[in-house]
Each structure stands twice: as structure tokens, then as C-alpha cells.
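The figures that follow rest on heavy atoms only: side chains count, while hydrogens, waters and symmetry mates do not. All residue numbers in this chain count up from 1 along the given sequence.
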Amino acid sequence: MNLASFMKSYADEIDGQYSSYDNTNSIIIVPLAGGRFQTVIGTVKENKLYSRNMVTFTSKICADSSDLPLKNLLKQSTLFNYGRFVISDNFLQIEAVASLDGTPESSMKEMIQEVANLADQYEFKLTGADVQ
């Protein structure tokens, strides 16, 4: 599967905005309820352990800080279909990971929507604001 063409097609389907960052990164600005938007980045990386390409969909929630309820967030991750909390580049983020070639497009669309919705929900829950 070509991630860039998939992400562009999906952005068109949901009236979102698509940007190609480079050969392995694509960005969709996903429209959400209430006129809000959430940026989701799709990244392709080779998993050397299994010799296959994986796609990761991520969205930032807020800056990492010592007062984040990390244990509670880990427990809440068990309720998600695809997403999980991660800390990367000093930000709390939601990510979902799948095989690039072995995952149906319908599942990837669900992953993007879940990542966008969870990031938006937890961003408000943890910060009380719509963080840009």
C-alpha cells in the first residue's frame, strides 16, 4: 500500500486536509465534531524484527509534564480499539500501529479516526483547552 495516496484519498473522503511531508510521512487534518480539527501523522517504518513495513498514526495531546496521571492513562488505554498513549519528543501522544501491507484500508481509517478523537478528548480533559 502507498501511504501517501491512501492518506490523500481518505482526507478527500472526510473533507480533511492532506499534506505530504516526505516519502515516509503524511499528514491529515481530521475534522471533528464541534468544528474542531486534529492533526494525525502517518509514518512508515521498517520493523527489522519482522522484516515488514509498519504504519504508525500519531497525534499530539499535550506537553509531557510530571503532573500527568500516567498510571491512569495506561489503564484507560486498555479500553481503546487501536490507540495507546506514548510519550515522544516531550509530548504525550496517542498512536496506533499496524502492518502497512496486511491491514485493510477500512481498519486504517478507523485507526486514524480513533487517534484523532482520543487526542482531541484527552487534550481537553488534561489541559482544558484546544491545544494547537
Trainee: Let me confirm one number: the CG-NZ distance from N90 to K60, rounded to the nearest 0.5 Å.
Mentor: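 Result: 9.5 Å between the selected atoms.
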Trainee: Please check: side-chain N/O of E114 versus main-chain N/O of N81, any donor-acceptor pairing under 3.5 Å?
Mentor: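 Checked: pair present.
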Trainee: Can you find a heavy atom in the side chain of L32 that is under 4.5 Å from one in the side chain of N117?
Mentor: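 Yes, at least one pair of side-chain atoms sits under 4.5 Å.
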Trainee: How about D22: does its CG atom have over 12 heavy atoms from other parts shown lying under 6.0 Å from it?
Mentor: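 More than 12 within 6.0 Å, yes.
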Trainee: Using a 6.0 Å cut-off, check whether atom CG of N72 has over 12 heavy atoms from anything other than its own residue.
Mentor: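 Yes - once you tally the heavy atoms of other residues, nucleotides and ligands closer than 6.0 Å, there are more than 12.
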Trainee: Report yes if the side chains of Y82 and V97 come closer than 4.5 Å at any heavy-atom pair, otherwise no.
Mentor: no
Trainee: In the single-linkage hydrophobic clustering (I, L, V, M, F, W, Y; side-chain heavy atoms under 4.5 Å), do Y18 and V40 co-cluster?
Mentor: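 Per the 4.5 Å side-chain linkage, Y18 and V40 are co-clustered.
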Trainee: Is there a salt bridge (Lys or Arg N to Asp or Glu O under 4.0 Å) between R52 and D101? Walk through the geometry before answering.
Mentor: CA-CA 8 Å; R52 63 182 173 178; D101 294 321; over 6 Å; no
Trainee: Would you say Y10 and M108 make side-chain contact, with heavy atoms under 4.5 Å?
Mentor: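 Y10 vs M108: side chains apart.
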Trainee: Can you name the nearest heavy-atom pair linking T127 to C62, along with the distance?
Mentor: CG2-CB, 3.6 Å
Trainee: Could you check if a side-chain atom of Q93 sits within less than 4.5 angstrom of a side-chain atom of I61, using non-hydrogen atoms only?
Mentor: no
Trainee: Using modelled atom types and a 3.5 Å cut-off, is there a donor and acceptor pairing between side-chain atoms of T103 and backbone atoms of S99?
Mentor: yes
Trainee: With a 4.5 Å cut-off on side-chain heavy atoms, are L92 and L73 touching?
Mentor: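 Yes, side chains in contact.
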Trainee: What distance separates T43 OG1 from L100 CG, expressed to the nearest 0.5 Å?
Mentor: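 One finds 11.5 Å between OG1 of T43 and CG of L100.
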Trainee: Indicate if M1 and M54 have the same hydrophobic cluster label, given that clusters are the connected sets of ILVMFWY residues with side-chain heavy-atom separations under 4.5 angstrom.
Mentor: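 No, M1 does not connect to M54 through the hydrophobic network.
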Trainee: Kindly say whether N2 contributes a backbone atom to a donor-acceptor pair with the side chain of S5 at under 3.5 angstrom?
Mentor: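 Confirmed, S5 side chain pairs with N2 backbone.
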Trainee: Between F85 and F80, does the ring centroid distance fall short of 6.0 Å?
Mentor: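 F85 vs F80: aromatic centres under 6.0 Å.
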Trainee: Do the side chains of L68 and L126 get nearer than 4.5 Å, heavy atoms only?
Mentor: yes
Trainee: If you apply the rule side-chain contact (heavy atoms from CB on, under 4.5 Å), what do you find for N25 with L3, and how did you get there?
Mentor: CA-CA 8 Å; N25 296 284; L3 180 65; over 6 Å; no
Trainee: To the nearest 0.5 Å, tell me how far I27 CD1 sits from M7 CE.
Mentor: 8.0 Å
Trainee: Please test Y122 against Q76 for side-chain contact (heavy atoms from CB on, under 4.5 Å), starting from the C-alpha separation and ending with a verdict.
Mentor: CA-CA 11 Å; Y122 281 91; Q76 291 176 40; 2.3 Å; yes
Trainee: Are V115 and L74 connected in the hydrophobic side-chain network, where two residues link if heavy atoms are under 4.5 Å apart?
Mentor: no
Trainee: Go through it in stages, so that I can follow the logic: the residues are F91 and T58, the test is side-chain contact (heavy atoms from CB on, under 4.5 Å), and I'd like the CA-CA distance, side-chain angles, deciding distance and then a yes or no.
Mentor: CA-CA 11 Å; F91 281 91; T58 59; over 6 Å; no
Trainee: Look at atom CD of E110 and say whether more than 12 heavy atoms of other residues, nucleotides or ligands are closer to it than 6.0 Å.
Mentor: yes
Trainee: So, E123 and K125, do they make that salt bridge, N to O below 4.0 Å?
Mentor: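 The answer is no: the pair does not qualify as a salt bridge.
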Trainee: Going through the distances and angles, do N53 and N47 end up as a side-chain contact (heavy atoms from CB on, under 4.5 Å)?
Mentor: CA-CA 6 Å; N53 285 329; N47 180 304; over 6 Å; no
Trainee: If we only count heavy atoms from C-beta on, is the D120 to R36 side-chain gap below 4.5 Å?
Mentor: yes
Trainee: Hey, is E13 close enough to K109 for a salt bridge, meaning N to O under 4.0 Å?
Mentor: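 Yes, E13 and K109 are salt-bridged.
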Trainee: Indicate if I14 and M111 have the same hydrophobic cluster label, given that clusters are the connected sets of ILVMFWY residues with side-chain heavy-atom separations under 4.5 angstrom.
Mentor: yes
Trainee: Hey, does S26 have a side-chain heavy atom less than 4.5 Å from the side chain of I41?
Mentor: no
Trainee: Atom CZ in R84, atom CG in L118: separation rounded to 0.5 Å?
Mentor: 13.5 Å
Trainee: Decide side chain to side chain donor-acceptor pair (under 3.5 Å) for S59 and Q38; before the verdict, give the C-alpha distance in whole Å, the side-chain angles of both, and the deciding distance to 0.1 Å.
Mentor: CA-CA 7 Å; S59 188; Q38 195 70 33; 3.0 Å; yes
